[in-house]
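Remember, it's a predicted structure, so these values are computed and weren't measured experimentally.
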Protein chains: 2
Amino acid sequence: MTDPGDAMRAKRRGSVTLKDVAREAGVGIMTVSRAINSPDAVSEKLRTRVESAVVALGYVPNRWAGTLASARSRLVTVIVPSLSSRVFGEIVSAADAVLTPHGYQIMVSNTAFSLDDEETVCRKVLGWRPEGIIISGIDHNPATREMLMQSGIPVVEALELGSDPIDINIGISHADAGATAAEHLLSRGRRRIAFIGAEMDLDFRAQRRRAGFCEALARHGVTPALEIHHSGRVGFATGARAMEELLASGEAVDAVFCVNDELAVGAVGAAIRNGRAVPDDLAIIGFSDLDVSAEIVPSLTTIRLPRVEMGRLAAEAVLAGRRETGEKRIDVGYELVVRESS
Amino acid sequence: MTDPGDAMRAKRRGSVTLKDVAREAGVGIMTVSRAINSPDAVSEKLRTRVESAVVALGYVPNRWAGTLASARSRLVTVIVPSLSSRVFGEIVSAADAVLTPHGYQIMVSNTAFSLDDEETVCRKVLGWRPEGIIISGIDHNPATREMLMQSGIPVVEALELGSDPIDINIGISHADAGATAAEHLLSRGRRRIAFIGAEMDLDFRAQRRRAGFCEALARHGVTPALEIHHSGRVGFATGARAMEELLASGEAVDAVFCVNDELAVGAVGAAIRNGRAVPDDLAIIGFSDLDVSAEIVPSLTTIRLPRVEMGRLAAEAVLAGRRETGEKRIDVGYELVVRESS
DNA sequence: CGCCAAAATGGTAGCGTTCCCAAATGAAGC
DNA sequence: GCTTCATTTGGGAACGCTACCATTTTGGCG
């Protein structure tokens, strides 16, 4: 596997530049630049001449040069734990929908749920000098925090609400969400309540949902009947395996809180397959409200995380910049969505 | 909403540069550049001095300048129809996993399934001078094709196999996949076979799956008993609505091909809810094999699209570049996954 | 101790834009 | 026709970095 760079470089040197277009159109270099970036500042006659030269030569302005000269990258970085999850995809998508019409380009990086990777990614990302950074969560290495604060770039921490934002913070309280799940199951008269999680050591938000869940139970004098912390990766299949483990344990359980909807959907499937009636034998509640959660049978009770709204608000916060002395902390709230599984 | 650019510019001018680090470390500017980019070419002594100066000043190299000077952007663009879909997320994720270790950064853009948007996006993307472009599908506006061919950048068309690749083409035959679905249902003894699709006018791959499906039926003297082309957006809920429509039609149907798994999973749910036994009353087959498809009850028969492999191969093709006179067309194949729903 | 090759270091000239200002052109008024 | 002012146009200097080449230092060896 040879280095594509050499060919690249050879090709690129000598590609069409502003100067080529200027020569073709018989105008100055600045006239071309203006004809492209602020057409109103150029006379009709020259503008059309420039435009046809651009088309004739297939000129595409080099953003690197433009960015370097103007110190405006028109780039916004989004740092998420995972690129393949629909949860983060929806956030990115919503942010993109806001930013693209404003001429911004999104650049996505993933941390694989690791704080150290996040630090590496942040350092790399700052080299691109984005005009805004949207980052997942409020847990960062001290060095990451420091770096972001020093950067002078608007930083939006999304997904979870914390007490000490770097800059702007948009999210919900995951502890409260966990507590809401517990209270819902209790209100249904369940007392032998289990917990299912996976990759809990990596996902701080999931940890806090669990903590909030356990505390709420404790307030009612209940302790979790069983906790399955599955070693597999978060996903539908892992949820199913975890449920099988739970059923195999023989423990008497009448309700389960799955720390996210992937696990919960898989758990519902496994419960049904193993002859349990949901919710009669076993109530199940998840977290995040995936699209699929509403369509499975029985449909899944869950807690809706307003992902699209968070993505949109994060993008708008970046656009507003940090000078805008608006709200530094935005609680987008969550919503208990009661369906058939509880 | 004021323009964040001004603050940006003010901040950035006068940020830490190579020269500052050089002064701090008491060395030449080139020594700093080398200490960072090819540490082996610098003596131990100076390297440590540079390194501590970098840390002391919090220097982060400016990629714009580096890219401009070296004509190496270390950027690979991935153009997908949608950012929020898990199918595309997995492809992007797999490509990222290959490219990141090689020092590349991925830039994702979405076309919203529109050829015109794709053209706009391509033009914009070329301005960033990526070293490779991974684009979804083989259908492009003539201008888009032209632009990509002229660019001199390796282009990988992924997801579907065509006869005339711009450069490199990785995918499967969607017509064959559709035919496989039809043949599977026929082999199960079904003859009153329906089709469910959504947004069919935008998704050319789905169109070809349908065409292949219809042709295969025709070869066996069967015509689709019913076609539901739902107007909603592709998603689980739309699949459910389409199935309800199908059931309400009163048409005698014993099998359904859903043009993708989102629709199929939703359709399974709706069929069950409406008292149909799947597969006894109604067999259902989807396309793509989502993670969730294996975990619902009944689990979904589908055709697996090897997304991770495509993402990986596309990234490797970009790394290899176009000089590598290897395979221009790679058929990654699909696989019929028979589960409970058929 | 000197000599030469090899390694380490630094200066300079771009890379392709945009910004700033000067020059040129055109319009309007007398 | 000439001056004055607004509008267009263009030139040159950055922007921060790397490539290339020249220079300096080092180390090995006779």
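- At whole-Å resolution of the value, CD1 in B/Ile29 and C1' in D/dT18 are 10 Å apart.
- Atoms CG (B/Leu18) and P (C/dG10) sit 13 Å apart, rounded to a whole Å.
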A/Val156 and A/Leu313: side chain to side chain contact (heavy atoms under 4.5 Å, CB included), yes or no, with the steps?
CA-CA 9 Å; A/Val156 180; A/Leu313 287 172; over 6 Å; no
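- When rounded to the nearest whole Å, the span between CG of B/Leu46 and P of C/dA8 equals 10 Å.
- Nucleic acid contact for A/Arg34: base, since at least one base atom lies under 4.0 Å from a heavy atom of the residue.
- With hydrogens and angles disregarded, a donor-acceptor distance shorter than 3.5 Å links the side chain of B/Ser136 to the backbone of B/Ile79.
- Within the 4.0 Å cut-off from OP1 or OP2 of D/dC17, not a single side-chain nitrogen or oxygen of B/Ser70 is found.
- The side chain of A/Thr17 lies closest to C/dT17 when the candidates are D/dC17, C/dT18, C/dT17.
- One finds no side-chain N or O of B/Thr31 lying less than 4.0 angstrom from the OP1 or OP2 phosphate oxygen of C/dT9.
- Side-chain proximity of B/Met30 to C/dC15, D/dG10, C/dT12: nearest is C/dT12.
- What separates CG of A/Leu68 from P of D/dA14 is a distance of 14 Å, to the nearest Å.
- By the 30° and 60° cut-offs, the orientation of the rings of A/Trp64 relative to A/Trp128 is tilted.
- With hydrogens and angles ignored, the 3.5 Å screen pairs a side-chain donor or acceptor of A/Glu131 with a backbone N or O of A/Ser73.
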